[in-house]
Amino acid sequence: MDDEHRTLEEIEMIALGRQSIVLSQAEKHAVRKAHDFLCNAIEQRQRIYGVTTGYGPLATTNVDPKQSSLLQQNLVYHLCSGVGEPLSHRHVRAMMVARMASLVRGHSGANPVLIDRLQGWLEVDLIPLVPSQGTVGASGDLTPLAHLARALSGEGKVSLRGGHWIDSAEAHRQLGWKPLVLQGKDAIALVNGTSTTAGIAALNATAAQRAVKLSTLLVLLYAELLEGHREAFHPAIGELRPHPGQQQLHRWLWSLSESSGALIPWQRDPTSLPDMGSDIQQHQPLPQDAYTLRCAPQALGAAWDVVEQHAQTVRIELQAVTDNPLLLVDDDTILHGGNFFGQQLAFASDHLNNALIQMALYSERRIARITDPQKNKGLPAFMQPLDTGLHSGFMGAQVSATSLVAELRSHAMPASIQSIPTNADNQDIVPLGTIAARRASTSLEQLYQVLAIEALVLVQGAELKSAHLLSHASKTLCAWVRTHAPPLKEDRPLSEEITNVANMLADPDEVAPLMVLLGASPSVPPRSSRM
């Protein structure tokens with residue numbers, strides 16, 4: 001795959017079915033070359049793990065090459081032991097893209113027909129039913145990837161174009177395809193890698209980046225409603241504490257707030273004390289704000305650093321070959337090692353999860369302050385402008401935000417330190433990266449629900465104050481929210497509106513007009529992308 005084309009954003013677009021994959025001739029050549037090399041090694045009856053031996057602690061068994069198909073089939077069968085709810089449509093597609101990204105580098109020996117079929121499945125939007133639980137991520141994501149391999153072989157359940165689950169054999173008949181016969185190294189090349197974790201983590205990466213940017217816009221509107229001091233956003237503050245994330249947040253907030261007439265402007269010239277007539281003069285206006293406003297660059301900047309570190313780890317993983325054994329064709333070498341061990345993604349996902357929980361907590365604290373009439377600069381309690389008390393406004397929604405944060409906190413235990421030996425102690429350490437990535441994905445969903453509640457609350461507040469004084473960014477945010485939810489006058493159920501706004505905030509295309517405010521390009525990709 002061409003590295004310059006494999007961006008996280010493109011992985012996301014492919015996972016969402018909004019972009020296609022085109023393999024280069026160089027990639028196809030690399031796959032054919034590695035497969036030919038493998039076939040030659042098998043003909044020479046070389047001892048190759050998982051190809052002419054058993055698996056795991058059973059690798060002490062030599063297997064004649066004539067049993068190749070049965071060996072590969074049995075690998076898939078014994079690993080199809082996943083349980084739990086199926087992975088989401090987008091997670092499965094992301095997993096398939098990540099597996100292709102590894103295989104087409106030409107060090108796995110997979111049959112070119114297998115690569116073509118994976119590409120075809122993505123093109124027609126055919127996905128296997130992949131149970132979400134059952135992998136430890138040590139020898140790669142064996143269990144979920146085995147369910148993909150089983151479906152490619154014409155067994156198990158699949159969904160075509162988002163439809164109901166049907167037998168894989170029936171889907172093949174509908175498409176006029178013959179199920180694949182996995183042989184050589186096809187099955188082990190499919191299952192023996194980190195691609196489930198990497199695919200989910202890739203989607204987490206882009207969603208987390210957008211969450212920080214959305215939080216930045218919400219913080220600005222929150223600061224304007226509270227008539228905060230713009231001074232806290234001054235970039236010179238970040239220059240004296242040069243964490244990249246904090247500096248980025250200072251740049252964003254300083255630039256976005258330039259057009260605001262609602263913030264207390266920064267004055268270069270210092271003010272002097274008045275003639276007090278006594279030693280002290282109490283009950284004067286605070287010269288600086290509560291931490292939810294004043295420390296926004298520091299709080300969100302720290303989150304941005306974690307998000308970017310996680311994204312970089314995922315980018316590297318998507319450039320990697322993560323199965324075993326590895327074929328170095330030009331060196332006429334086959335190496336047995338542990339590139340399938342997903343520790344990097346496990347650590348990165350757990351670190352990301354902590355940042356996501358903190359972001360949700362920060363949002364919930366902003367909601368709490370802005371809905372409290374003792375602290376919100378004259379706004380009505382819970383943003384209810386009509387017969388407050390008879391109507392309760394966003395009181396229930398604020399409780400929901402609190403509940404979501406409490407639930408997120410209960411899921412904060414890192415997965416990456418929960419190693420349990422398995423596989424007859426062959427896998428005596430395991431990274432559990434898939435659990436960590438899945439957990440971060442769930443945290444992102446709940447974070448977006450909290451952000452949706454905050455957006456509804458803040459936009460209501462903007463309409464109750466002098467909206468014409470708001471910055472251009474806040475006016476744009478308010479208009480965007482109003483395309484998805486009407487103002488709250490009399491009390492009404494808000495569950496569906498919160499869910500809808502959360503879904504729209506999480507959609508890269510829907511939220512593109514807001515991302516442009518922070519210098520990001522709209523998410524309007526080409527129909528195809530080279531990998």
Side-chain angles (χ1 to χ4, degrees), residues 211 214-228 262 289-293 296 299 357-409 444-467 469-470 473-506 510-511 514:
L214 290 167
S215 295
T216 302
L217 296 174
L218 291 170
V219 160
L220 175 59
L221 178 54
Y222 168 79
E224 290 181 290
L225 294 181
L226 292 180
E227 302 166 14
D289 304 298
Y291 285 14
T292 48
L293 192 162
I357 294 170
Q358 183 63 20
M359 287 172 62
L361 169 64
Y362 184 19
S363 176
E364 188 275 339
R365 288 294 81 203
R366 296 192 299 264
I367 296 168
R369 180 170 288 270
I370 205 69
T371 54
D372 186 344
Q374 303 300 315
K375 302 173 183 176
N376 67 9
K377 300 284 185 169
L379 287 163
F382 303 105
M383 296 300 167
Q384 177 47 258
L386 179 66
D387 297 330
T388 304
L390 176 61
H391 297 284
S392 299
F394 288 95
M395 183 186 290
Q398 192 224 335
V399 173
S400 293
T402 303
S403 173
L404 286 165
V405 171
E407 184 172 339
L408 282 166
R409 283 174 162 178
L444 271 163
E445 292 177 12
Q446 294 180 331
L447 168 60
Y448 272 97
Q449 291 163 353
V450 177
L451 294 178
I453 293 171
E454 183 183 6
L456 292 169
V457 169
L458 293 180
V459 171
Q460 178 95 351
E463 293 168 347
L464 297 175
K465 293 195 83 168
S466 300
L469 296 176
L470 296 176
S474 291
K475 290 176 181 176
T476 303
L477 173 63
C478 291
W480 185 93
V481 170
R482 280 293 167 254
T483 64
H484 300 290
L488 181 65
K489 296 179 182 178
E490 297 177 348
D491 284 352
R492 65 172 184 267
L494 294 174
S495 176
E496 291 81 6
E497 291 174 34
I498 293 169
T499 299
N500 180 54
V501 172
N503 290 339
M504 294 301 100
L505 287 172
E510 291 290 339
V511 83
L514 300 182

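One is the number of the first residue; the rest follow in order along the sequence. Side chains included, hydrogens not; waters and symmetry mates left out as well; all remaining heavy atoms used.
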Subject >> 4.5 Å side-chain heavy-atom contact, I370 and L379 >> reply: yes
Original post:
Does E364 use its side chain to pair, donor to acceptor, with the backbone of T402 at less than 3.5 Å?
Top reply: no
**OP:** Could you tell me whether a side-chain N or O of T499 sits under 3.5 Å from a main-chain N or O of S495, the two making a donor and an acceptor?
**Re:** yes
**OP:** Answer yes or no: does atom CZ of R409 have more than 12 heavy-atom neighbours from other residues, nucleotides or ligands under 6.0 Å?
**Re:** no
**OP:** Measure the OG-CG distance between S215 and L220 for me, rounded to the nearest 0.5 Å.
**Re:** 12.5 Å
Original post:
Can you tell me if E510 and N503 form a side-chain donor-acceptor pair at under 3.5 Å?
Top reply: no
**OP:** Dump the intermediate steps for side-chain contact (heavy atoms from CB on, under 4.5 Å) on V459 and W480, then the final yes or no.
**Re:** CA-CA 10 Å; V459 171; W480 185 93; over 6 Å; no
Original post:
Nearest heavy-atom pair of L225 and K465: which atoms, and what distance?
Top reply: O-NZ, 2.7 Å
Original post:
Where the side chain of S392 meets the backbone of T388, is there a donor-acceptor pair that is under 3.5 Å apart?
Top reply: no
Original post:
Is there a side-chain contact between P385 and H391, using heavy atoms and a 4.5 Å cut-off?
Top reply: no
Original post:
Under the 3.5 angstrom rule, does the side chain of D289 hit a backbone N or O of G228 as a donor-acceptor pair?
Top reply: no
Original post:
With distance as the sole test, does S403 use its side chain to make a donor-acceptor pair with the main-chain N or O of V399 at under 3.5 Å?
Top reply: no
Original post:
Would you say L386 and Q384 make side-chain contact, with heavy atoms under 4.5 Å?
Top reply: yes
Original post:
What are the two closest heavy atoms between K375 and L226, and how far apart are they?
Top reply: O-CD2, 3.7 Å
**OP:** Ignoring hydrogens and angles, tell me if any N or O in the side chain of H484 forms a donor-acceptor pair with the backbone of V501 under 3.5 Å.
**Re:** no
Original post:
Got V511 and L514 here, is their nearest side-chain heavy-atom distance under 4.5 Å?
Top reply: yes
**OP:** Measure across A467 and K475 and return the closest heavy-atom pair with its distance rounded to 0.1 Å.
**Re:** O-CE, 3.5 Å
Subject >> L221 and C478: CA distance, side-chain angles, deciding distance, side-chain contact (heavy atoms from CB on, under 4.5 Å) verdict >> reply: CA-CA 9 Å; L221 178 54; C478 291; 4.1 Å; yes
Subject >> Heavy-atom side-chain contact between R365 and Y291 under 4.5 Å >> reply: no
**OP:** Report the C-alpha distance between L488 and L494 in whole Å, list the side-chain angles of each, state the deciding distance to 0.1 Å, and finish with yes or no for side-chain contact (heavy atoms from CB on, under 4.5 Å).
**Re:** CA-CA 9 Å; L488 181 65; L494 294 174; 4.2 Å; yes
Original post:
What's the shortest heavy-atom distance between R366 and L451, and which atoms?
Top reply: NH2-CD2, 4.2 Å
Original post:
For T292, what residues pass the side-chain hydrogen bond (donor to acceptor under 3.5 Å, both in side chains) criterion, not counting sequence neighbours?
Top reply: Y222
Original post:
Do L477 and L470 pass the side-chain contact (heavy atoms from CB on, under 4.5 Å) test, and can you show the C-alpha distance, the side-chain angles, and the key distance before you say yes or no?
Top reply: CA-CA 11 Å; L477 173 63; L470 296 176; over 6 Å; no
